[in-house]
Structures are given as structure tokens and as C-alpha cells.
Protein chains: 2
Amino acid sequence: MSTTTQAPQSPGAPKTARGARTRAKILVAAEETFGSLGYHRAGVTDITRAAGVAQGTFYTYFTSKEEILRELVMDLGHKLRAHLAAQVISSGDRLEAEEQGLRAFLQYLADHPSLYRVLQEAQFVDEAIYQEYYETFARGYTDMLNAAARKGEIRAGNNQHRAWALMGLSHFLGLKYALWDQRAKQGDGAFDPIVETISDLFRNGLALNGRDKG
Amino acid sequence: MSTTTQAPQSPGAPKTARGARTRAKILVAAEETFGSLGYHRAGVTDITRAAGVAQGTFYTYFTSKEEILRELVMDLGHKLRAHLAAQVISSGDRLEAEEQGLRAFLQYLADHPSLYRVLQEAQFVDEAIYQEYYETFARGYTDMLNAAARKGEIRAGNNQHRAWALMGLSHFLGLKYALWDQRAKQGDGAFDPIVETISDLFRNGLALNGRDKG
DNA sequence: ATAAAATATGACAACTGATTCAGGTTTTAT
DNA sequence: ATAAAACCTGAATCAGTTGTCATATTTTAT
């Protein structure tokens, strides 16, 4: 849960070690508080209480409740991206990368449930940042699929459509199996059956063509 | 935009034609208001103003702002389900049904953008009803896939996982292409390229196997 | 050591928005 | 036609929030 943000241009960036520490504490507290109570139910009071500072301190580093949400969204986005990238480098081809990526995403969500809530709720507080989050993600995803298509690892096709479809697929599987169905969270291979199902979809489709069956 | 709800057990069900009319007006106004402003930004005042009644009238038929959201979610769910079912009956097999279903979903979302917003926002107001909405949907979906598997129309596999994956896929494609990218909304075949991409995924997978390429 | 700068405090002003209520109006039933 | 029931009204209440500010404390620089 370390918070890795550098360049806050807000009211005043902290100019002291203490200030930086306090700002970070507030950011972490906000993530936890938004995560458990939700953006609207969470008051600035709740955040500062969780951070162990006075209400007024909040406004030394953030101009508003909305601003801290924006910063959190970007922060969490970076962390997730970094995590996925790290988990996927070992993949041989795109199909393997998709499998490892899905597994890594599900695991990350199970470990950081706040990510989901903060991000999804941001949608209704500041739609632009939500759109940007996913458009950015989709752009990178599309590029990777295009590269894979060029290499002959996947079929030709509209990779932008595919990118959105794949993001949605991961999103809902995460919602259901990483967040709602509690069990999982434990064993390392908890999400394997899901990954296998999707892997089969990617490798063989859904149709029962002339080929072998699952 | 007709509102087809029958059994309100709320404070008092309307006992007069006038009452029923007023209640319906409020429900429609709430859908529009939540849809355009969002649940939190929309005040009861906004709803009653849109409905052309006094604030107090709201509480003659609904106990709270939250309750009307719940009713809207169920209402919209029923309507969407009915629409999809109607658009899919003509399908020969499951694969065709998936294609027509996706197309119908995208079209419905483009025509009724409030559905999306109300439903998604409900998640943070009353998570239970959101879960129930999707769990119900997933149950029906899974059953259909199981039936299709028995008939040999699709490969064997975990159809619950598939159901969630497919819901997510539709959801995100809808978000991106039916709601964010405005153009579309016009022509009847506006979503055909998307459906084709997904159809190819279902029929051939993503991998470039020995088979022909897209 | 000490003045200046940075941080922290927490009470409070200013406001928002949901819900209530006492009383007026319309509809229904006789 | 008229009393009772249903419905409607909107000002007032009430709970809760965000963001401000004058003051106190801590840190930094000399």
C-alpha cells in the first residue's frame, strides 16, 4: 500500500520531510476510506481521522475531496499497470501473456479491492478521468494486439474492439471472482480454473467446430 | 420510456388513477434525472421538478431517494431482459444468439443510456441490488450456455465463468461504443463491425491456429 | 539559539439536500 | 350534493458536509 506519487501541484507541495509524510498518510487513508465506505459516504473527517491528523490538515495538501480522488485514480492505475507488466514479461507469446495477465489482474484485485471501488466510483465523480484511464489502457492493449497480429501470434481482426472486449471480460471476472466470491484470495492457483476457461476461449473459440472438444 | 411497474409496497400504493399517474411520472422523471445528473447530484427537488409535482409528493409514493433507485434498477433490468429475449428468439443456435444478443444490447444501450448510469451507480448506493441484478442475469446466461453445450452447439467448459466473461465483454463494448463514441446511434448496422469481431472470437478464437485467418 | 517558514489544529461559518408536516385540493362513494 | 378518502403542496426542519481561519507547534536556516 505504499503511495508512489511525486508531483502534486495542488495547494502547496510539501517542502519538508514531515509534510511529505503527512501528505502520504492522508493519501493512504483516503484510499482505505474510499475503499471501505465509498466516495460519497466517506467524509473528509473520516479520511483525516484514519490518517491521524486534523481536518484542516487535509486542505494543506489537497484542494478538495474530488482532487484526492483524481490523484488516487492515477496512482492506482500506475500501480496496476506496473504489476501487470512485471507479471507478463516472462510470457512467450501473446496468448500466454493474456493468460498470465488475467491471472495477475485477478490476484491484484483480490489483494487490493480498493482499486476497483475507487476507480469505478470515480466514474460518477469525474467521468473524464475514468474515460482517460480506460482509453489509455485500451490504447496500450490495442498496440500489443496489433504487434502480436503482425508476428502471427493471433488472428487478424479489429484489435481495438478486441481490447475493449478483453478489458471487460477481465473486469467482470474480477468483480465476480476476486471481489464478490471471497474464498479464492488464498492459494496461489486459486484463479487457475478461470484462466483455463478463458484460455480455451482464446485458443479454440466458443464454437464446437470440427476440432477436438475441451 | 413507459414505466411498467406494478407492485409498489412502499409508503402507500396509489389507489386512484391519478395517483398511479403521478407515481409513474415521478418514476420516469427519476430515470431521466438520475440518468443525466447522476444519483448524487440529482436532488429529490430535481426529480419532482422534472415530474411537475411538489417535493412532498415524492414521499407519498417512495420512502426515500434510495428506494426509487432500487425500483428503477429492477424496472430497467426487466425491460432490458425482455428486449434481449425478443431480439434473440429468431436465432438458430447459440452462436447466432450471442451475435444478435450483443447487437441488441449495444443498440438498447445507445437508445437508453440511463440504464447504464442508473445501474452502475446503484452499485455504490446499494451493492446488494447490483449484485443481485448481475447474479440473476448470469444464472440465466449460464443455463443457456449449458443447454447449448448439451446440444453440441458450443464446446464443453465452465459456463459460469463464460457467462461472466461474456457479460463483461458486452458491458465494456457498450460503454465504449454505445455510450462514449456517439456517432453509431444512427444506422441500423452501426454495431456490425463490433459484432463481427466478437463473432470471429467466438467461432475461431483469438489464436492463429492452423485454420484460415480472419 | 532564534527568527522565519512550514505544518498542524479544531472550532466554526456557510451551505446543501433529504425528509416532515399541517393544511389545501381533487376524487370517490353514497 | 356531500362527507370521507386520497392526493398534493411547499415552507420549515434537521442532519450532515465541505472548506476556512486564527492560532499553536514544529522544523529549518543562520
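Just so it is clear: chains get the letters A, B, ... in the order the sequence lines come, proteins before strands, and each one is counted from 1. Side chains are part of it too, since the values below use all heavy atoms of this structure and drop only hydrogens, waters and symmetry mates. Every value quoted in this text rests on a predicted model; they were computed, and no experiment measured them.
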Asker: Give, ordered by number, those residues of residues 39-48 of chain B having at least one heavy-atom distance below 4.0 Å to an atom of DNA chain C; if nothing qualifies, reply none.
Answerer: B:Ala42, B:Gly43, B:Val44

Asker: Is any side-chain N or O of B:Thr60 closer than 4.0 Å to OP1 or OP2 of D:dA6?
Answerer: no

Asker: With the side chain of A:Ser64 defined as its heavy atoms from C-beta on, choose the nearest nucleotide among D:dC8, D:dG19, C:dA8.
Answerer: D:dG19

Asker: For A:Arg162, is there an ion pair with B:Asp200 - N to carboxylate O distance below 4.0 angstrom?
Answerer: yes

Asker: What does the list of N/O pairs under 3.5 Å between the protein and nucleotides 26-30 of chain D look like, with a distance for each?
Answerer:
none

Asker: Would you call A:Glu98-A:Arg94 a salt bridge at under 4.0 Å N-O?
Answerer: yes

Asker: Please work out whether the ring planes of B:His171 and A:Phe172 are parallel, tilted or perpendicular, with thresholds of 30° and 60°.
Answerer: tilted

Asker: Could you check which of C:dA18, C:dC12, D:dT9 has an atom nearest any side-chain atom of B:Lys65?
Answerer: C:dA18

Asker: Where do B:Arg70 and B:Glu66 land on the salt bridge (charged side-chain N to carboxylate O under 4.0 Å, His left out) test, with the steps shown first?
Answerer: CA-CA 6 Å; B:Arg70 267 191 288 272; B:Glu66 226 180 284; 3.3 Å; yes

Asker: Between D:dT18, D:dG10, D:dC7, which nucleotide has the shortest distance from any of its atoms to the side chain of B:Ala54?
Answerer: D:dG10

Asker: Below 4.0 angstrom, which residues in residues 123-130 of chain B have at least one non-hydrogen atom near DNA chain C?
Answerer: none

Asker: In terms of the angle between their ring planes, are B:Trp164 and A:Trp180 parallel, tilted or perpendicular, with boundaries placed at 30° and 60°?
Answerer: perpendicular

Asker: Establish, with yes or no, whether the OP1 or OP2 oxygen of D:dG19 is under 4.0 angstrom from a side-chain nitrogen or oxygen of A:Tyr59.
Answerer: yes

Asker: Provide, to the nearest angstrom, the distance between the CZ atom belonging to A:Phe58 and the P atom belonging to C:dA8.
Answerer: 14 Å

